[in-house]
Amino acid sequence: MPNEFYITPDGPCFREERARILVVDDFDANLELMTAILEKEGFRVIASKSQFEVLNRVKELAPDLAVLDVMMPGMSGYELCRRLKESFGKKFFPVVLVTGLSQLEDKLAGLEAGADDFFSKPFNSREMLAKIRSLLKLRRLQDELECAEDIIFTLAMTVEAKDKYTRGHSERVSALSSEVASMLGLAEKEILCVRKGGILHDIGKIAVHEEILHKKAKLSLGEVNLIRAHPVTGFEICRTLSSLKNILPVIKHHHERWDGGGFPDGLKGEAIPLVGRIVSVADAFDAMVSIRPYRDGYTVDEAVRIIKNEKDSGQWDPLIVARFIEMVESDITFVRNLYPG
Ligand SMILES: [Fe+2]
């Protein structure tokens with residue numbers, strides 16, 4: 001709803017009342033009544049009697065919410081609801097169904113089709129408007145959340161793109177981590193967590209000056225401490241977004257070590273969140289294979305050997321390293337594609 005802004009003396013402000021409401025009903029009288037009520041409240045109304053036309057032109061019409069009659073010839077409101085939801089993909093698109101029926105079965109069918117709310121005919125216009133406003137508010141909040149999350153991801157990629165030594169590092173860590181997570185049999189939610197966490201794990205480096213990150217000479221203690229602060233800095237940046245809550249353990253704990261020798265908290269063994277342990281192995285592996293200011297990169301085979309030795313000396317979770325090596329050995333093409341040349 002990026003165009004649904006108007007300017008108040010206090011600055012830009014969203015007005016749900018300026019939203020575009022799609023109304024689909026096969027009866028002219030119903031369409032006219034609904035249009036009159038919504039327009040009186042300042043909404044912009046797209047009224048249609050044709051479900052097929054609506055589906056064909058939905059991108060162009062760009063509605064913010066739909067009010068659909070359930071009983072329509074050709075295609076029911078349930079089916080139209082399902083198809084509209086599909087056409088918006090993951091983006092939240094609120095749909096309200098208008099039904100003459102109030103049986104539980106009909107509501108269940110509506111919920112199965114993805115409807116967000118219902119009202120029955122004859123409808124109470126105040127109740128209808130309250131439901132519409134509340135769904136539009138929800139949609140705006142979701143848009144803002146998505147936008148904030150996008151900004152943080154873009155920020156992470158921009159920070160990385162500026163550094164020739166770490167370019168592509170986060171994407172590779174993300175790909176390796178999610179592969180290992182699925183080999184460990186983790187749930188989709190946890191796989192997504194390491195995938196996103198892999199992208200964001202080093203976002204705290206935004207607070208470290210490039211000169212320090214690129215320094216070839218030995219770092220001073222103060223500089224080392226600055227770099228070692230990046231997991232906590234990243235945690236602080238991302239904790240403000242509730243949608244990133246699951247990823248916080250990855251960001252904060254991707255430098256912990258199985259034997260307790262890592263940072264920031266010196267956590268040991270299973271006290272380190274599993275998602276953090278997965279990303280830490282992938283992060284270390286990628287750092288070894290990549291060229292850094294102070295050394296050339298190792299080959300994949302050399303890096304595997306080093307990780308194995310470090311596991312034997314207690315640095316890594318043995319189970320995760322076992323799956324990691326299994327992944328490298330069973331799908332060497334996937335790994336080589338990540339490290340061409
Ligand atoms: Fe890091």
Side-chain angles (χ1 to χ4, degrees), residues 152-181 193-216 218-239 244 246-268 271-295 297-298 303 306-307 310-311 315-317 320-321 324 338-339:
I152 287 194
F153 276 91
T154 308
L155 190 64
M157 302 314 285
T158 312
V159 168
E160 191 178 278
K162 277 166 59 185
D163 184 348
K164 67 175 177 175
Y165 294 107
T166 59
R167 202 168 296 152
H169 167 70
S170 301
E171 278 172 339
R172 292 189 299 268
V173 171
S174 169
L176 293 167
S177 303
S178 44
E179 199 65 22
V180 172
C193 169
V194 295
R195 186 173 299 140
K196 285 185 170 186
I199 299 287
L200 294 182
H201 71 283
D202 272 344
I203 193 169
K205 283 189 178 169
I206 195 170
V208 184
H209 199 282
E210 279 172 51
E211 266 178 29
I212 298 175
L213 291 174
H214 297 168
K215 196 170 171 181
K216 290 184 180 173
K218 195 172 185 295
L219 298 173
S220 70
L221 184 62
E223 289 166 338
V224 169
N225 286 339
L226 263 176
I227 291 183
R228 285 168 71 106
H230 78 269
V232 173
T233 310
F235 174 86
E236 293 298 334
I237 291 171
C238 295
R239 74 187 297 186
L244 296 179
N246 295 339
I247 300 161
L248 295 178
V250 175
I251 296 171
K252 191 168 178 191
H253 298 297
H254 72 277
H255 282 290
E256 305 285 1
R257 294 294 177 256
W258 186 248
D259 56 11
F263 61 92
D265 294 338
L267 298 181
K268 204 170 174 180
I272 308 165
L274 177 60
V275 287
R277 274 180 269 151
I278 294 171
V279 172
S280 66
V281 172
D283 183 29
F285 177 83
D286 186 76
M288 285 177 206
V289 181
S290 310
I291 298 164
R292 291 294 156 110
Y294 41 85
R295 62 154 171 76
Y298 293 107
I306 296 169
I307 290 272
E310 289 179 346
K311 182 259 301 174
Q315 200 172 318
W316 306 113
D317 179 337
I320 290 174
V321 168
F324 191 88
L338 289 177
Y339 303 98

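Note that ligands are numbered from 1 as they come in the structure, with each ligand's atoms numbered from 1 the same way.
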### Query
Looking at I237 and I152, what are the two nearest heavy atoms and their distance?
O-CD1, 4.1 Å

## Note on the structure
Only one of I272, D265, D283, I227 passes side-chain contact (heavy atoms from CB on, under 4.5 Å) with H255, and that residue is D283

### Worked check of side chain to side chain contact (heavy atoms under 4.5 Å, CB included) between M157 and I199
CA-CA 8 Å; M157 302 314 285; I199 299 287; 3.8 Å; yes

### Query
So, H254 side chain and I251 main chain: donor-acceptor pair closer than 3.5 Å or not?
yes

### Task
Under the ring pair (Phe, Tyr, Trp, His ring centres under 6.0 Å) rule, collect the residues that match up with F153, sequence neighbours excluded.
none

### Summary
Note on the Fe ion (ligand 1): protein N/O/S atoms within less than 2.8 Å are D202 OD1, H230 NE2, H254 NE2, H255 NE2

### Query
Looking only at heavy atoms, which two atoms of V173 and G198 are closest? And how far apart?
CG1-CA, 4.1 Å

